[in-house]
K.L.:
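Please see the structure below; I have some questions.
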Amino acid sequence: MAACTVYSTQSLRTNISIPTSSSSKTHLGFNQKQVVFYTTSKKSRTNNNKRYLITCKAGDSQTIVIGLAADSGCGKSTFMRRLTSVFGGAAEPPKGGNPDSNTLISDTTTVICLDDYHSLDRTGRKEKGVTALDPRANDFDLMYQQVKAIKDGISVEKPIYNHVTGLLDPPELIKPPKILVIEGLHPMYDSRVRDLLDFSIYLDISNEVKFAWKIQRDMAERGHSLESIKASIEARKPDFDAFIDPQKQYADAVIEVLPTQLIPDDNEGKILRVRLIQKEGVKYFSPVYLFDEGSTISWIPCGRKLTCSYPGIKFFYGPDTYFGNEVSVVEMDGQFDRLDELIYVESHLSNLSSKFYGEVTQQMLKHADFPGSNNGTGLFQTIVGLKIRDLFEQIVASRAETPVGAAKA
Ligand SMILES: Nc1ncnc2c1ncn2[C@@H]1O[C@H](COP(=O)(O)OP(=O)(O)OP(=O)(O)O)[C@@H](O)[C@H]1O
Ligand SMILES: O=C(CO)[C@H](O)[C@H](O)COP(=O)(O)O
């Protein structure tokens with residue numbers, strides 16, 4: 001008989017299929033209760049008026065789980081596009097599925113958006129007076145159960161939050177990929193979910209820059225008024241500070257985006273100072289460094305090999321502490337004039353986990369049209385993408401070396 005796991009999902013509205021043809025009685029435990037299912041037909045089952053989702057699959061290769069946390073409009077999608085590109089192949093929504101699905105699937109990666117675990121839809125949040133950032137508007141039990149199931153090689157029927165209608169749509173099937181990325185507001189909020197992560201990233205966009213990006217997108221591209229953008233940022237801020245921002249203390253890598261220091265009192269938010277904060281001592285992750293590992297360096301690369309216009313470019317590298325953890329920081333302030341000259345900067349960075357000389361520059365040139373390609377946001381997102389590929393390859397290699405049975409010891 002197939003090994004089965006039960007996932008409770010009360011928000012489930014449609015029947016789901018049970019991928020087993022077994023006709024025998026199956027005893028499955030859930031929430032300390034023993035429930036009995038007859039897995040004879042491909043339908044969802046109800047027990048004590050509660051609907052259960054049953055998934056059956058014997059998982060033999062564990063999925064690697066990456067968490068990416070950030071507020072809305074802070075570059076998660078852009079980062080995801082860079083990451084999937086590092087693995088090759090395009091990422092697309094599930095074929096033939098809900099056109100408003102938030103999921104992106106490529107050969108190696110599946111990116112799920114944690115908005116899909118909103119337990120309250122738009123109307124529900126309005127009625128209860130809570131924002132989507134509030135944990136009460138999210139189902140962390142289901143998030144944990146499903147991420148764990150995928151990590152264990154088991155397919156799940158994940159709910160969909162529809163950003164167009166503001167409703168919870170019928171679920172979609174998510175099969176275990178090689179790499180699962182969970183991106184959204186709360187990947188590191190719940191300790192059970194956090195413990196499932198093999199690597200975690202937080203995009204820390206300062207208020208000034210967030211405001212500038214919001215204006216650019218929501219005003220220029222979506223026709224919102226300046227007042228409504230300001231009001232929306234203000235309304236989210238208390239919950240952002242309480243529930244989203246504190247997650248950065250748990251991240252293995254933080255990309256911090258600040259206004260430039262090269263122009264005194266700059267408040268345009270166009271030139272950026274970007275810091276890649278890398279935790280020391282994380283298994284399978286060795287931080288990138290500039291010139292000499294462990295030293296402290298300030299570097300202005302502008303000159304014969306790198307064209308810079310005002311206000312120039314400044315790099316910094318050095319050790320630091322971050323929420324009590326030892327970290328290494330690489331910082332870039334300013335922006336590139338010519339991306340093809342980035343190779344000069346790349347050749348001074350070490351531990352990049354690139355597969356060939358110039359891979360970072362090649363990736364940046366390939367996606368020159370993505371936001372942030374001329375500054376540290378694009379550069380550090382690309383580098384973190386390479387580090388994730390390296391982490392994945394190291395974990396796979398270490399599993400191949402581990403004799404069967406020893407892994408459980
Ligand atoms: N590195 C960047 N430099 C400049 N602008 C950026 C950068 N990253 C993102 N933006 C701006 O922010 C907008 C949102 O970016 P993106 O879609 O990647 O964010 P998101 O976190 O996925 O947003 P949402 O959660 O709202 O879907 C972009 O359209 C762009 O205007
Ligand atoms: O913070 C968000 C994450 O994307 C959204 O605001 C949240 O998911 C609610 O979505 P919508 O505004 O479409 O109802």
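Heads up: numbering here begins at 1 and tracks the sequence. Note that this is a predicted model, so its numbers are computed, not measured. Counting starts at 1 for both ligands and their atoms, in listed order.
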K.L.:
Considering only non-hydrogen protein atoms, determine which one is nearest to atom 13 (C) of ligand 1 and report residue, atom name and distance to 0.1 Å.
P.N.:
Arg217 CD, 3.8 Å
K.L.:
Provide, to 0.1 Å, the distance between atom 31 (O) of ligand 1 and the closest protein heavy atom, together with that atom's residue and name.
P.N.:
Gln216 NE2, 3.3 Å
K.L.:
Cationic tip of Arg81 within the cone over Phe370's six-membered ring, i.e. under 6.0 Å and within 45° of the normal?
P.N.:
yes
K.L.:
Nearest 0.5 Å please: distance from the OH atom of Tyr317 over to the CG atom of Leu290.
P.N.:
8.5 Å
K.L.:
Measuring from atom CZ of Phe79 to atom CG of Leu68, what distance do you get when rounded to the nearest 0.5 angstrom?
P.N.:
6.0 Å
K.L.:
Looking only at protein heavy atoms, which one is nearest to atom 2 (C) of ligand 1, and what is the separation?
P.N.:
Trp213 CZ2, 3.2 Å
K.L.:
Can you pull out the closest protein heavy atom to atom 18 (O) of ligand 1? Residue, atom name and distance to 0.1 Å, please.
P.N.:
Thr78 OG1, 2.6 Å
K.L.:
Below the 3.5 angstrom mark, is there an N/O of Lys76, backbone or side chain, next to an N/O of ligand 1?
P.N.:
yes
K.L.:
Going by the side chain to side chain contact (heavy atoms under 4.5 Å, CB included) test, name the single residue among Thr296, Ile297, Val330 that passes it with Phe316.
P.N.:
Thr296
K.L.:
Where the closest heavy atom to atom 17 (O) of ligand 1 is concerned, which of Cys113, Ala70, Ser77, Gly184 has it?
P.N.:
Ser77
K.L.:
Just wondering, are more than 12 heavy atoms of other shown residues or ligands nearer than 6.0 Å to CZ in Arg136?
P.N.:
no
K.L.:
Can you label the angle between the His348 ring and the Trp299 ring as parallel, tilted or perpendicular, going by 30° and 60°?
P.N.:
tilted
K.L.:
Check each N or O atom of ligand 2 against all protein N or O atoms and list the pairs under 3.5 Å, with atom names and distances to 0.1 Å, one per line.
P.N.:
from, atom 1, to, atom 2, distance (Å)
ligand 2, 1 (O), Arg236, NH1, 3.1
ligand 2, 1 (O), Arg236, NH2, 2.6
ligand 2, 4 (O), Asp115, OD2, 2.7
ligand 2, 6 (O), Arg236, NH1, 3.1
ligand 2, 8 (O), Asp115, OD2, 3.3
ligand 2, 8 (O), His118, NE2, 2.7
ligand 2, 10 (O), His163, ND1, 3.3
ligand 2, 13 (O), Arg122, NH2, 3.0
ligand 2, 13 (O), His163, ND1, 2.9
ligand 2, 14 (O), Arg122, NE, 2.8
ligand 2, 14 (O), Arg122, NH2, 3.4
ligand 2, 14 (O), Arg125, NH2, 2.8
ligand 2, 14 (O), Tyr161, OH, 2.6

K.L.:
Run the numbers for me: atoms of ligand 1, each under 4.0 Å from some heavy atom of Thr377, listed by number.
P.N.:
1 (N), 2 (C)
K.L.:
Fit a plane to each ring of Tyr189 and Phe243, take the angle between them on a 0 to 90° scale, and name the class: parallel (under 30°), tilted (30 to 60°) or perpendicular (over 60°).
P.N.:
perpendicular
K.L.:
What residue and heavy atom of the protein are closest to atom 19 (O) of ligand 1, and at what distance?
P.N.:
Gly75 N, 2.9 Å
K.L.:
Specify the protein heavy atom at minimum distance from atom 12 (O) of ligand 1: its residue, its atom name, and the distance to 0.1 Å.
P.N.:
Gly73 O, 3.7 Å
K.L.:
To the closest 0.5 Å, what do you measure between CD (Glu92) and OG (Ser106)?
P.N.:
9.5 Å
K.L.:
At a 4.0 Å threshold, what atoms of ligand 1 neighbour a non-hydrogen atom of Cys74?
P.N.:
19 (O), 20 (P), 21 (O)
K.L.:
Kindly state whether the ring of Phe140 and the ring of His186 have centres lying under 6.0 angstrom apart.
P.N.:
yes
K.L.:
Suppose I only count heavy atoms of Gly372 and a 4.0 Å limit; which atoms of ligand 1 are within that range?
P.N.:
1 (N), 2 (C), 3 (N)
K.L.:
Is there a donor-acceptor contact under 3.5 Å from the side chain of Asp245 to the main chain of Phe240?
P.N.:
no
K.L.:
About how many Å separate CD1 of Ile343 and NZ of Lys305, when rounded to the nearest 0.5 Å?
P.N.:
12.0 Å
